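These notes are about the structure you will find just below.
Here the structure is a predicted model, which means the values were calculated and not measured. The sequence lines fix the lettering, A, B, ..., with proteins before strands; numbering per chain opens at 1. All heavy atoms count here, side chains included; hydrogens, waters and symmetry mates do not.
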There are 2 protein chains.
Amino acid sequence: MSTDNMIPAPKGAPIHFGPFVVTSQVFYQTALTIALVNLKPILPGHVLVSPRRVVPRIHDLTPAETSDLFQTVRRVGRMIERVYDASSLNVAVQDGADAGQSVPHVHAHVIPRRRLDLPTTDAVYELLDGDEGDLRRAFGVLRDDGTEERRRSRFPAVDDGERTPREMEEMEDEAARLAREMEGEPVD
Amino acid sequence: MSTDNMIPAPKGAPIHFGPFVVTSQVFYQTALTIALVNLKPILPGHVLVSPRRVVPRIHDLTPAETSDLFQTVRRVGRMIERVYDASSLNVAVQDGADAGQSVPHVHAHVIPRRRLDLPTTDAVYELLDGDEGDLRRAFGVLRDDGTEERRRSRFPAVDDGERTPREMEEMEDEAARLAREMEGEPVD
C-alpha cells in the first residue's frame, strides 16, 4: 500500500458517515478510509469501516479505495480481536438496499466473535439486519435529539433486556481507547 | 494493482479450496486469488472468492493478497450483479470457526440480491450459517462419492422443498459461462 494512504485528513475536518457527522466516533483513519465505533453495537467491539468518500456501493469505489478499505478492515479486525479477547471475526457488507443496507454509504461491519457469545452462531446476522443493525435509525436518533430512545429488542436473549443507543460520551471514550490501541498496531 | 496479479497460474495446476480440489469450478483467477461457483448456492449466482494460498484467517493474508482478494470481490460482484439481474450484493466473510467458518480457507461469499428474493432480507444469513452454507459438508459430499445427498432444509420456504448439492456437470457449465462473462469485465 502506498504510504500516501496513511496520511490522516486535516485535524478538525468533519467526517461523514452517510448524512451524519461522526467525527468524534472515528478512532482510525487513512487518506481514503475511516473506522468508527458504533452507536448500537451488536456485540462489544462491533465497529464500522467506511471509505472516506460517501458513495453507496462497492462498485462506486476506485480500486485504490477498495484496497485501502479492506486493508483497514484487516488491520482494525486484528486490533479488535486482540482488545476484545475474541477468537474470530464476522466481516459483512450489505452492498445496496436489497442486501439490507440502511445507510447509503459503503461500510463493512467488523464484529469480534467468541465461542458461544450468542445463542446461535448466526444470531449475529439476525441482529445485523434487525432493528439493532439499523444504523440510519440509530445514528438518526442520536443526531436529532441526542437522547436515548428505548424500544423493544427483537432478540432480548442477547442481553436480557431492552437495548438503547449509547451515550455520546461512552462512544467517545471507546473511540479514544481504540485510537490508542491502533497506535501500536502494525500497518501490515 | 500490479499487473503481475493478473497472470493466471499454469494451466492444469490443481486449485484447492481448503482440502478440496475445485479446479473445474473456478471461473476466474489472478496470481493471488480464485473465484469459484458454489456446490450449494443460497441464491442463484452465489459464488466464493478465496486467496489462492490456503490459509484460514484474513490476518494470515499478506497486504497484497488482501488487496487482490477484495479487488476481485468487487470485479466478480459487478459481474454477477449484471448477469443475475440483481440490485444489491451481500458480501460476507466468516473469519474463523467462532464466526461460522466451515472450511478453514479464507473465503468471501458474494451473493446477488433482488428485492423480495427471500422471505426476509436477513434470511440470506440464516441460510449462510445453516446446513445450506456448510461448505465443508457440501464439498465433502461431492468429493467422497460424487453423488447427491438429499437432506432436510432448515428453510424449505426458499425453494419449497429439499435442496440437493448440484451435479458436477451443472457447476462446470456455470463456471464456463461465468468465465466467459468475466472476459468482458473491466479490471478496474
Side-chain angles (χ1 to χ4, degrees), chain A residues 1 56-75 77-79 81-82 86-102 106 108-118 120-130 133 154 187-188, chain B residues 1 56-75 77-79 81-82 86-102 106 108-118 120-130 133 154 187-188:
Chain A
M1 177 166 54
R57 299 292 311 276
I58 290 174
H59 66 225
D60 295 321
L61 300 175
T62 66
E65 285 172 328
T66 306
S67 176
D68 195 58
L69 181 71
F70 288 99
Q71 301 261 13
T72 304
V73 165
R74 175 172 171 273
R75 199 176 305 135
R78 192 171 50 194
M79 181 277 286
E81 186 170 332
R82 173 172 55 76
S87 52
S88 295
L89 297 168
N90 280 110
V91 176
V93 184
Q94 296 158 312
D95 191 37
D98 290 326
Q101 187 187 48
S102 56
V106 176
H109 297 266
V110 184
I111 307 171
R113 300 298 305 275
R114 308 168 70 158
R115 201 164 107 79
L116 304 178
D117 55 4
L118 292 174
T120 64
T121 305
D122 62 341
V124 70
Y125 296 120
E126 296 167 7
L127 291 164
L128 198 59
D129 273 349
R154 281 172 63 206
V187 170
D188 284 349
Chain B
M1 175 166 55
R57 299 292 311 276
I58 291 175
H59 66 225
D60 295 320
L61 300 176
T62 65
E65 285 172 329
T66 307
S67 175
D68 194 58
L69 181 71
F70 288 99
Q71 301 260 14
T72 304
V73 164
R74 175 172 171 275
R75 200 174 306 136
R78 191 171 51 195
M79 181 276 288
E81 187 170 333
R82 172 172 54 77
S87 52
S88 295
L89 297 168
N90 280 110
V91 176
V93 183
Q94 296 159 311
D95 191 36
D98 291 328
Q101 187 186 47
S102 57
V106 176
H109 296 266
V110 184
I111 306 171
R113 299 299 304 275
R114 307 167 71 158
R115 201 164 108 79
L116 305 177
D117 56 4
L118 292 175
T120 64
T121 305
D122 61 343
V124 70
Y125 296 120
E126 296 167 7
L127 291 165
L128 199 60
D129 273 349
R154 281 172 64 205
V187 171
D188 283 351

Segment of B:R115 engaging chain A (4.5 angstrom heavy-atom cut-off): both
Those residues that, when tested against A:S87, pass side-chain contact (heavy atoms from CB on, under 4.5 Å) (two or more places apart): B:D98
Working to the nearest 0.5 Å, report the span between CZ of B:R74 and CG of A:D60. 9.0 Å
Give the member of A:I111, A:L61, A:L89 that has the highest number of heavy-atom pairs under 4.5 Å with chain B. A:L89
Do any of residues 90-97 of chain B have a heavy atom less than 4.5 Å from a heavy atom of chain A, and if so, which, in residue order? B:N90, B:V91, B:A92, B:V93, B:Q94, B:D95, B:G96, B:A97
For B:R82, side-chain hydrogen bond (donor to acceptor under 3.5 Å, both in side chains) partners two or more places apart: B:E181, B:E185
On a heavy-atom basis, which atom in B:P63 and which in A:Q71 lie closest, and how many Å separate them? O-NE2, 3.0 Å
List in chain and number order the residues that pass side-chain hydrogen bond (donor to acceptor under 3.5 Å, both in side chains) with A:E81, two or more places apart in sequence or in another chain; answer none if no residue qualifies. B:R57
